[in-house]
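Notes to accompany the following structure.
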There are 2 protein chains.
Amino acid sequence: MATGQTKQRIIQAAEHLFASHGFVRASLRQVTELAEVNLASVNYHFGSKENLIQEVFRRHLDGLNVEREKAFDELMAADPNPPLSDLLTAFIAPALRLSTDPVHGEYFVQIVTRGFVEYKDQFREFLSREYGDINRRFFAAIAHKLPHLPDQEVARRLDFTIGALTYSMGDFGLTKLADGTDREDYLRATIDSLVRFSEAGLTRTPT
Amino acid sequence: MATGQTKQRIIQAAEHLFASHGFVRASLRQVTELAEVNLASVNYHFGSKENLIQEVFRRHLDGLNVEREKAFDELMAADPNPPLSDLLTAFIAPALRLSTDPVHGEYFVQIVTRGFVEYKDQFREFLSREYGDINRRFFAAIAHKLPHLPDQEVARRLDFTIGALTYSMGDFGLTKLADGTDREDYLRATIDSLVRFSEAGLTRTPT
DNA sequence: GTCTATATCCTGATAGAC
DNA sequence: GTCTATCAGGATATAGAC
């Protein structure tokens with residue numbers, strides 16, 4: 001194999017196979033075969049399978065994190081006290097957009113979901129450590145828009161929002177992209193619908 | 001090993017190990033060791049690992065399905081046109097209650113989540129085939145309470161509800177059961193909060 | 001940096017005695 | 001129904017030539 005491309009080829013193949021078969025099922029033999037590189041090169045470049053898995057996580061989550069920080073900062077720069085719906089859009093849109101990306105979207109969702117399931121607490125710690133900051137900033141800004149609610153209730157309702165978002169990203173649900181529908185139209189409609197749904201849920205007053 | 005208990009012991013051990021390590025990682029050797037039965041007995045009683053996995057799925061999902069049908073039927077018997085919040089409670093409560101069950105709750109959630117991730121479409125087909133009926137009845141009843149909404153939008157918002165429910169079941173979120181809080185109180189509060197959140201999201205009018 | 005060859009271990013499954 | 005022993009294959013990881 002030509003020099004210098006090996007590492008990239010491994011990551012690409014790993015991304016594909018981890019997403020479709022899972023971290024456990026996908027073997028280094030399959031990865032190196034698909035990448036058309038030598039089996040031993042994985043250990044040379046990454047040290048172990050575990051490290052390769054971390055690298056694949058990181059690549060995907062870094063991308064999302066950058067987008068979310070950008071969305072948050074741009075929003076706050078334009079208006080330090082933005083309406084709740086704008087905050088929710090900044091929170092929701094980057095994730096949903098990434099998950100429907102025609103190139104990496106499917107991989108992204110599968111890999112993150114598998115991370116949750118296969119590594120559980122370990123993965124949550126990783127997320128909190130590496131990407132927790134932007135989440136806390138969103139939380140504070142959203143809680144500020146709901147001054148009548150105790151923080152605990154804000155957290156609960158935000159969890160519902162994140163759950164709805166995650167489920168939508170996973171394309172697990174009843175709604176499917178019908179043939180002929182433009183992807184961008186569908187995405188905008190989903191973002192819009194989820195923002196309004198969450199806004200109603202977050203601001204609802206006790207009966 | 002004393003006769004007659006082997007099959008049950010295997011299922012119990014499998015449930016435990018599949019939940020904590022996943023279907024792929026948990027080996028039959030680990031299962032039989034924990035169950036204190038012979039390795040070969042798995043194949044004698046279940047034929048293959050794959051069949052054992054299906055059996056574990058079925059045990060958990062059958063339980064949920066029975067509870068949901070009971071909740072739906074009881075509600076409809078008392079009032080053929082119940083308020084939306086009651087429909088949502090009947091939809092949400094059995095799942096959330098099962099997922100926080102001190103004995104099987106943790107297993108239940110992990111196993112269902114792993115089913116989604118490790119078997120994806122195959123698992124969805126299984127769910128729809130075996131347990132789709134009660135879902136369709138809930139959907140029809142809920143759509144009936146939202147006559148001004150097209151079915152597609154009802155489906156979308158119900159997906160958000162299911163997402164929020166699933167995420168809550170998985171205990172993935174920010175909110176944690178604080179020490180000293182009564183489990184039943186916490187459960188009721190979560191059910192109540194999610195029902196109201198979803199109701200607000202489902203009934204929200206376009207701005 | 002890349003390769004071959006291999007060490008070491010674990011997997012699901014089964015044949016056949018009891 | 002339960003057991004031992006084993007098969008056949010696949011896994012990660014590495015030593016060492018190039």
Side-chain angles (χ1 to χ4, degrees), chain A residues 1-59 110-111 114-115 117-120 122-123 126, chain B residues 1-59 110-111 114-115 117-120 122-123 126:
Chain A
M1 180 50 50
T3 306
Q5 300 183 22
T6 303
K7 200 168 173 179
Q8 281 307 308
R9 296 180 64 89
I10 291 173
I11 289 197
Q12 278 197 341
E15 169 181 277
H16 182 83
L17 286 167
F18 286 164
S20 55
H21 299 136
F23 300 117
V24 187
R25 281 189 163 89
S27 71
L28 296 183
R29 275 181 176 77
Q30 288 176 296
V31 169
T32 52
E33 198 168 323
L34 180 64
E36 295 179 307
V37 302
N38 189 270
L39 171 61
S41 60
V42 172
N43 274 58
Y44 177 78
H45 285 288
F46 298 93
S48 69
K49 184 181 184 179
E50 206 61 24
N51 287 358
L52 174 58
I53 290 173
Q54 274 231 4
E55 189 70 29
V56 172
F57 275 151
R58 203 176 294 271
R59 264 170 59 102
Q110 278 291 313
I111 282 169
R114 282 184 194 278
V117 173
E118 295 189 19
Y119 293 95
K120 224 188 163 188
Q122 200 181 333
F123 185 58
F126 173 78
Chain B
M1 181 48 50
T3 307
Q5 300 184 22
T6 303
K7 200 168 172 178
Q8 282 308 308
R9 294 181 66 88
I10 291 172
I11 288 198
Q12 278 196 345
E15 170 181 273
H16 182 84
L17 287 167
F18 288 164
S20 55
H21 299 131
F23 300 114
V24 186
R25 279 189 164 91
S27 71
L28 295 184
R29 277 177 176 75
Q30 288 176 293
V31 169
T32 52
E33 198 169 323
L34 181 63
E36 296 180 307
V37 302
N38 190 271
L39 170 61
S41 60
V42 172
N43 275 57
Y44 177 80
H45 285 288
F46 299 94
S48 70
K49 184 181 184 179
E50 205 62 25
N51 288 357
L52 173 59
I53 291 172
Q54 273 232 4
E55 191 69 31
V56 172
F57 274 151
R58 204 176 293 273
R59 265 170 56 103
Q110 278 290 313
I111 281 170
R114 282 182 193 281
V117 171
E118 296 189 19
Y119 295 96
K120 225 190 161 187
Q122 199 181 335
F123 186 60
F126 173 79

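Per chain, numbering begins at 1; letters A, B, ... match sequence-line order. Just so you know, these numbers use all the heavy atoms, side chains as well, and skip hydrogens, waters and symmetry mates.
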Original post:
Do other residues, nucleotides or ligands put more than 12 heavy atoms under 6.0 Å from B:His45 NE2?
Top reply: yes
Original post:
Base, sugar-phosphate, or nothing: which does B:Ser27 touch, judged by heavy atoms less than 4.0 Å apart?
Top reply: sugar-phosphate
**OP:** Report the distance from atom CZ of B:Phe18 to atom P of C:dG12, rounded to the nearest whole Å.
**Re:** 9 Å
Subject >> C:dT4 OP1/OP2 closer than 4.0 Å to side-chain N/O of A:Asn38 >> reply: yes
Original post:
Any side-chain N or O of A:Ser41 less than 4.0 Å from the OP1 or OP2 oxygen of C:dG1?
Top reply: no
Subject >> Length of the CD-C1' vector between B:Glu50 and C:dG12, whole Å >> reply: 11 Å
**OP:** Find which nucleotide of DNA chain D each of B:Ala40 and A:Ala26 is nearest to by heavy atoms, and output the residue with the more 5' nucleotide.
**Re:** B:Ala40
Original post:
Hey, does A:Phe23 have a side-chain heavy atom less than 4.5 Å from the side chain of A:Lys49?
Top reply: no
Subject >> Protein-nucleotide distance (B:Asn43, atom CG; C:dA13, atom P), rounded to Å >> reply: 5 Å
Subject >> d(CG, A:Leu52; P, D:dA13) in whole Å >> reply: 10 Å
Original post:
What's the CG-C1' distance between A:Leu39 and D:dG10, to the nearest Å?
Top reply: 12 Å
Original post:
In Å, rounded to the nearest 0.5 Å, how long is the span from CD of B:Glu36 to OG1 of B:Thr6?
Top reply: 11.5 Å
**OP:** Whole angstrom is fine here: how far is it from CG in B:Asn51 over to P in C:dA13?
**Re:** 9 Å
Original post:
Atom NE2 of B:His45 and atom P of C:dT14: how far apart are they, to the nearest Å?
Top reply: 16 Å
